Amino acid sequence: QLQLVESGGGLVQPGGSLRLSCAASGSTLARRAIGWFRQAPGKEREGVSCISSLGGTSYVDSVKGRFTISRDNARETVYLQMNSLKPEDTAVYFCAARFWGCSNTLTDFGSWGQGTQVTVSS
């Protein structure tokens, strides 16, 4: 059974960068799309970015040009490089998997990780 573990969160100043990792165990990522989601206090969980099993990528408008998603199937890991971070990026970031292609529907994703906190503050 696929298990996902996020890491790489932390406290960063506005304009700074972080790289989040989503590491898989128990099953291969190779046939799966991986989505990154975030949830800020008092807000609904939202999709941030997704990478399909074939490497196609998508981003929510608010992070386009600042975030980059990538995958390393050999390491069973998906990354989210976050640059030019803003206070509004503060949230718990989660990764989740589904077979093959990305989806805009959160409930299409299973195997959620536990999340990693990203705080952008001066």
Side-chain angles (χ1 to χ4, degrees):
Q1 183 174 355
L2 181 69
Q3 293 182 324
L4 301 176
V5 177
E6 304 93 338
S7 63
L11 173 64
V12 64
Q13 292 186 343
S17 298
L18 285 173
R19 188 177 78 158
L20 305 184
S21 298
C22 174
S25 63
S27 185
T28 181
L29 283 182
R31 296 178 297 163
R32 290 176 165 91
I34 300 297
W36 280 101
F37 303 82
R38 65 187 180 187
Q39 188 165 18
K43 294 187 176 181
E44 294 186 352
R45 192 169 298 189
E46 65 168 348
V48 175
S49 183
C50 186
I51 187 165
S52 73
S53 61
L54 295 180
T57 60
S58 61
Y59 301 91
V60 69
D61 286 347
S62 61
V63 308
K64 284 181 180 177
R66 300 189 296 123
F67 290 11
T68 303
I69 191 170
S70 61
R71 66 190 299 152
D72 185 339
N73 287 346
R75 288 184 166 85
E76 300 290 358
T77 303
V78 170
Y79 304 99
L80 186 68
Q81 178 67 43
M82 307 188 296
N83 299 329
S84 302
L85 283 161
K86 304 175 181 180
E88 51 263 44
D89 294 318
T90 296
V92 178
Y93 283 70
F94 302 87
C95 62
R98 69 185 304 270
F99 280 106
W100 306 121
C102 292
S103 170
N104 292 326
T105 304
L106 269 65
T107 53
D108 285 346
F109 288 82
S111 303
W112 289 79
Q114 83 291 345
T116 185
Q117 176 71 48
V118 171
T119 303
V120 185
S121 175
S122 56

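The figures here come from the full heavy-atom set of this structure, side chains too, leaving out hydrogens, waters and symmetry mates. All figures in this text were calculated on a predicted structure; none of them were measured in a lab.
- V78 and L106 fall into different hydrophobic clusters, defined by Ile, Leu, Val, Met, Phe, Trp and Tyr side-chain heavy atoms under 4.5 Å apart, directly or through other members.
- No side-chain donor-acceptor contact under 3.5 Å links Q1 and S27.
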Take S121 and L11 through the side chain to side chain contact (heavy atoms under 4.5 Å, CB included) test and state the conclusion after the steps.
CA-CA 7 Å; S121 175; L11 173 64; 4.2 Å; yes

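- The OG1 atom of T107 sits 9.5 Å away from atom CZ of R98, with the distance rounded to the nearest 0.5 Å.
- Hydrophobic clustering (side-chain heavy atoms under 4.5 Å, transitive across Ile, Leu, Val, Met, Phe, Trp, Tyr) groups Y59 together with L85.
- Not a single salt bridge (charged side-chain N to carboxylate O under 4.0 Å, His left out) links K43 to another residue, sequence neighbours left out.
- Across S21 and W36, no two heavy atoms sit closer than the pair O-CH2, 3.6 Å.
- Shown here for L2 and A97, the closest heavy-atom pair between the two residues is CD2-CB, 3.5 Å.
- Minimum interatomic distance between T105 and S103 (heavy atoms only, all atoms of both residues): N-OG, 3.0 Å.
- By the 30° and 60° cut-offs, the orientation of the rings of W112 relative to F37 is tilted.
- Here the CG atom belonging to N104 is positioned 7.0 Å from the OG atom belonging to S58, to the nearest 0.5 angstrom.
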So S25 and E76, side chain to side chain contact (heavy atoms under 4.5 Å, CB included) or not? Walk me through it.
CA-CA 8 Å; S25 63; E76 300 290 358; over 6 Å; no

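- In this structure, the side chain of E6 engages the main chain of G115 through a donor-acceptor pair within 3.5 Å.
- Nearest approach of I34 to C95, heavy atoms of both residues: CG2-CB, 4.2 Å.
- Under a hydrophobic clustering in which Ile, Leu, Val, Met, Phe, Trp and Tyr are joined whenever their side-chain heavy atoms come within less than 4.5 Å, directly or via other members, F109 and L20 fall into different clusters.
- Remark: the backbone N or O of V120 is paired with a side-chain donor or acceptor of T90 at under 3.5 angstrom.
- Q114 and V5 get closest at one heavy-atom pair: OE1-CA, 3.8 Å.
- Grouping the Ile, Leu, Val, Met, Phe, Trp and Tyr side chains by contacts below 4.5 angstrom, directly or via other members, places Y79 apart from M82.
- For the atom pair R71 CZ and S53 OG, the distance stands at 6.5 Å (nearest 0.5 Å).
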Assess whether side chain to side chain contact (heavy atoms under 4.5 Å, CB included) is satisfied between E88 and S62, documenting all intermediate values.
CA-CA 10 Å; E88 51 263 44; S62 61; over 6 Å; no

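- Taken to the nearest 0.5 Å, the CD atom of Q81 stands 12.0 Å off from the CZ atom of R66.
- When every heavy atom of A91 is checked against every heavy atom of A40, the shortest pair comes out as CB-N, 3.8 Å.
- Placement of V48 and F94 in two distinct hydrophobic clusters is found when ILVMFWY residues are connected by side-chain heavy-atom separations under 4.5 Å, directly or transitively.
- For the pair V63 and R38, the minimum side-chain heavy-atom distance is below 4.5 Å.
- By the 4.0 Å N-to-carboxylate-O rule, D89 lies too far from K86 to be salt-bridged with it.
- Rounding to the nearest 0.5 Å places CG of L18 at 8.5 Å from OG1 of T116.
- Distance check, rounded to the nearest 0.5 Å: CD1 of I51 to CG of L29 gives 10.5 Å.
- Looking at residues two or more places apart in sequence or on another chain, you find no ring pair (Phe, Tyr, Trp, His ring centres under 6.0 Å) involving F67.
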